[in-house]
Number of protein chains: 4
Amino acid sequence: MTPQPNPERRSERARRAILDAVFEVAAAKGYGKVTIEAIAAAAGVGKPTIYRWWPSKGAVALDAVNDRIGDSMDFPDTGDIAADLTAQLTAVATMLTGDIGTIYRGIIAEAQSDPGLAADLRATMLEPRIQRCVRRLDAAVAAGQLRADLPARTMVDILYAPVYYRILLGAGPDETLRSPLLVRTVLEGLRPAAA
Amino acid sequence: MTPQPNPERRSERARRAILDAVFEVAAAKGYGKVTIEAIAAAAGVGKPTIYRWWPSKGAVALDAVNDRIGDSMDFPDTGDIAADLTAQLTAVATMLTGDIGTIYRGIIAEAQSDPGLAADLRATMLEPRIQRCVRRLDAAVAAGQLRADLPARTMVDILYAPVYYRILLGAGPDETLRSPLLVRTVLEGLRPAAA
Amino acid sequence: MTPQPNPERRSERARRAILDAVFEVAAAKGYGKVTIEAIAAAAGVGKPTIYRWWPSKGAVALDAVNDRIGDSMDFPDTGDIAADLTAQLTAVATMLTGDIGTIYRGIIAEAQSDPGLAADLRATMLEPRIQRCVRRLDAAVAAGQLRADLPARTMVDILYAPVYYRILLGAGPDETLRSPLLVRTVLEGLRPAAA
Amino acid sequence: MTPQPNPERRSERARRAILDAVFEVAAAKGYGKVTIEAIAAAAGVGKPTIYRWWPSKGAVALDAVNDRIGDSMDFPDTGDIAADLTAQLTAVATMLTGDIGTIYRGIIAEAQSDPGLAADLRATMLEPRIQRCVRRLDAAVAAGQLRADLPARTMVDILYAPVYYRILLGAGPDETLRSPLLVRTVLEGLRPAAA
DNA sequence: AAGTAACCGAGACGGTACGTCTCGTCTTGCG
DNA sequence: CGCAAGACGAGACGTACCGTCTCGGTTACTT
């Protein structure tokens, strides 16, 4: 994140091996066993190589998750805001229920006592996706599908919050399937006043 | 939580000192420095005394928070569901911004990789409060203030999720002050169809 | 050497296992592979247990050697100073050629850059044996077998120095067998002026 | 020592800088801080350049010491063997008490667990000086100043051993000043039988 | 009232992972 | 191709806590 060493000389091989090892170890032993030592061992890499480029385990995991997700979570725009949101939120909920979710929850947990990681989490993971959602919502507002008297960011919060709430505090995956109902309900509060 | 030793012989003095020490250490050094050793040292207690009565640091912290909150977070019922919810959610958000919140976030973090703690968290912290909220919402439904075609628990989720979302992922405390707006907006989606 | 923790609660089992492990590892892999980690692993002991009672690897090794030697290197007194010195020096040279010697040389090497260890080495290993030798030489001086105008400590230096010289810088064990000749020669310079 | 690369293309500038850097680092931080990395940094040289031409830190240090000493420690021959030996041994003891001695002791220490370095040490440092001393002693024997029934090498051992003994195991530099007394005493044992 | 059981404080123990240090090798331009 | 520079795989360092395990000592029931 804040590399003092020369990034041009960085070994791509090592970087890949480290990011992949995060998933390998998490899948094999659970996120609780994801330690810097375990990552280094699984990646066939020395510990200093990890510490050279990342400040903490959470930062590595965050990069690993970002790398794995890539641009795959792009926002759909079919013109139907309800359908698009349902699709997107379902996709997010599904992702957070699998391997990625296990690691992602660990990152959020670690960020509770690591302000730097929390900032990185918001900057690299949340903010870009929030921005894309904001753009989609703005389009919907312009199309008269959503009320205009509410900041788009607030709408995003209301929409995404239940997904995180259930991932972090919920009992099990079955509940996350109610996303469509949630979206529909929340949208009722977001529809234009005239509707 | 599952004490083999005889609870009748338990030292109340030690229990109090331990629960208080959680806050003392968290306030002095941050939750990251709250370790069993630090708690024992601050409480003037041996480590086995802690392990005798609690299975993990998170369990101690959870008891400490529950002990500190007590019944102070009871749900108001003025007849005006919007006012009651706003009051309650603001109270929760305020609490989660102070010392208690620091520890509470740590407990949630720890629960991500400790299913037992997660269960305790839900059973002793969330569920009772959800139940009280559900009762209040049921009354509001009966009074025709809220739509009846949605399970009360789902409404609770939608209402509380943004608070947790901001506490766990938000940028800062200022944002949490928007709770009233959130409640109003969400309630729009929860009003009776006829309204 | 300077134990902060309470020595009364010390585990004799662990102490024994650690001292024995030094020899075990040194015999199996050579003194170069004697690390704190290797000692801990071979002794079935945690690293902190070693660091709790010893300040460095060399200090552990010194204790191990002292423990192994015990009082076995006592000085003989048959009345014949030449025979006694030859016997003693041969015994020392023999000991320093075996397992103990391997470790002992390592300790001396480590002491070159660790003044504390050097002091311990002199205080626990060299000085007591020098004192015993001094006492024997004083008796020989009193018996008129050695010149009286030379401090006994200087005689000790002259007698022992070649043994260490060969152990630390010599080519091989065969040379150390010349001790009797050395003693005889050196003694020529130590005989009473009248002789 | 065993250079695979072409010695003709070797950079004399780098060689000089490396040998000087050994003393520079040792003087500034002590021999304990003399690492290959520190030498390379102080010399403004890449680590591989050192590894290309020397097998270990000790080998570099040995070359540095040999380079520094040069031929300055030549053996005097005034005809008076006692005076010559005293002069020479005092010179050696003095040298081993200064900067060179610090490094030299480190080399001896390292040689305890590095047979190759030990061999180099003997071949390049000890043996030539022993040979010169042997020649001087042989001359003294021929002149009837020393007994003839003892190999000159053994005499060398007896004479030099105390110096090394004190450097490597002694308490402090003050003791090394007694060299003249030592030499005189030892010589008593080396004088011709007829004397 | 004495005996005894169990909790208490204290802290040493066998471990795991930490983050750092140095090693000796490998890789990459520059001259 | 030797060089300066420095990233790399490896692994030991000394530290922090973990959770377990003795230890006396001090209550607080039992008989």
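The model shown is predicted, which means the values in this text are computed figures rather than measured ones. Note that these values count all heavy atoms, side chains included, but never hydrogens, waters or copies made by symmetry. Lettering follows sequence order; numbering is per chain, from 1.
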In whole angstrom, give the distance that lies between atom [atom1] of [X] and atom [atom2] of [N].
{"X": "Arg15(D)", "N": "dC3(F)", "atom1": "CZ", "atom2": "C1'", "result": "17 Å"}
{"X": "Ile50(C)", "N": "dC13(F)", "atom1": "CD1", "atom2": "C1'", "result": "12 Å"}
{"X": "Trp54(B)", "N": "dC18(F)", "atom1": "CH2", "atom2": "P", "result": "15 Å"}
{"X": "Glu8(C)", "N": "dT22(F)", "atom1": "CD", "atom2": "C1'", "result": "14 Å"}
{"X": "Glu12(C)", "N": "dC13(E)", "atom1": "CD", "atom2": "C1'", "result": "15 Å"}
{"X": "Ile39(C)", "N": "dG11(F)", "atom1": "CD1", "atom2": "C1'", "result": "16 Å"}
{"X": "Arg10(B)", "N": "dG9(E)", "atom1": "CZ", "atom2": "P", "result": "11 Å"}

*So does Trp53(A) get a side-chain nitrogen or oxygen closer than 4.0 Å to the phosphate oxygens (OP1/OP2) of dC8(F)?*
yes
*Determine whether Arg122(B) and Leu169(A) make a side-chain contact, defined as any pair of heavy atoms from C-beta on separated by less than 4.5 Å.*
no
*Sub-4.5 Å side-chain heavy-atom contact between Leu168(D) and Arg105(D)*: yes
*Sugar-phosphate or base contact per nucleotide [nucleotides 14-21 of chain E; S, B, -; heavy atom under 4.0 Å]*: SB-BBBBB
What are the two closest heavy atoms between [X] and [Y], and how far apart are they?
{"X": "Gly46(D)", "Y": "Ala40(D)", "result": "C-CB, 4.2 Å"}
{"X": "Ile107(B)", "Y": "Tyr31(B)", "result": "N-OH, 4.1 Å"}
{"X": "Val25(D)", "Y": "Ala38(D)", "result": "CG2-O, 3.9 Å"}
{"X": "Ile103(B)", "Y": "Ala61(B)", "result": "CG2-CB, 3.8 Å"}
{"X": "Gln112(B)", "Y": "Ile167(A)", "result": "OE1-O, 4.2 Å"}
{"X": "Ala111(C)", "Y": "Leu117(C)", "result": "N-CD2, 3.8 Å"}

N/O to N/O distances under 3.5 Å, protein versus nucleotides 4-6 of chain E:
residue: dA6(E); atom: O4'; partner: Arg9(B); partner atom: NH1; Å: 2.9

_side chain to side chain contact (heavy atoms under 4.5 Å, CB included), that's the test. Do Val22(B) and Lys57(B) meet it? Break it down for me._
CA-CA 9 Å; Val22(B) 173; Lys57(B) 175 185 68 175; over 6 Å; no
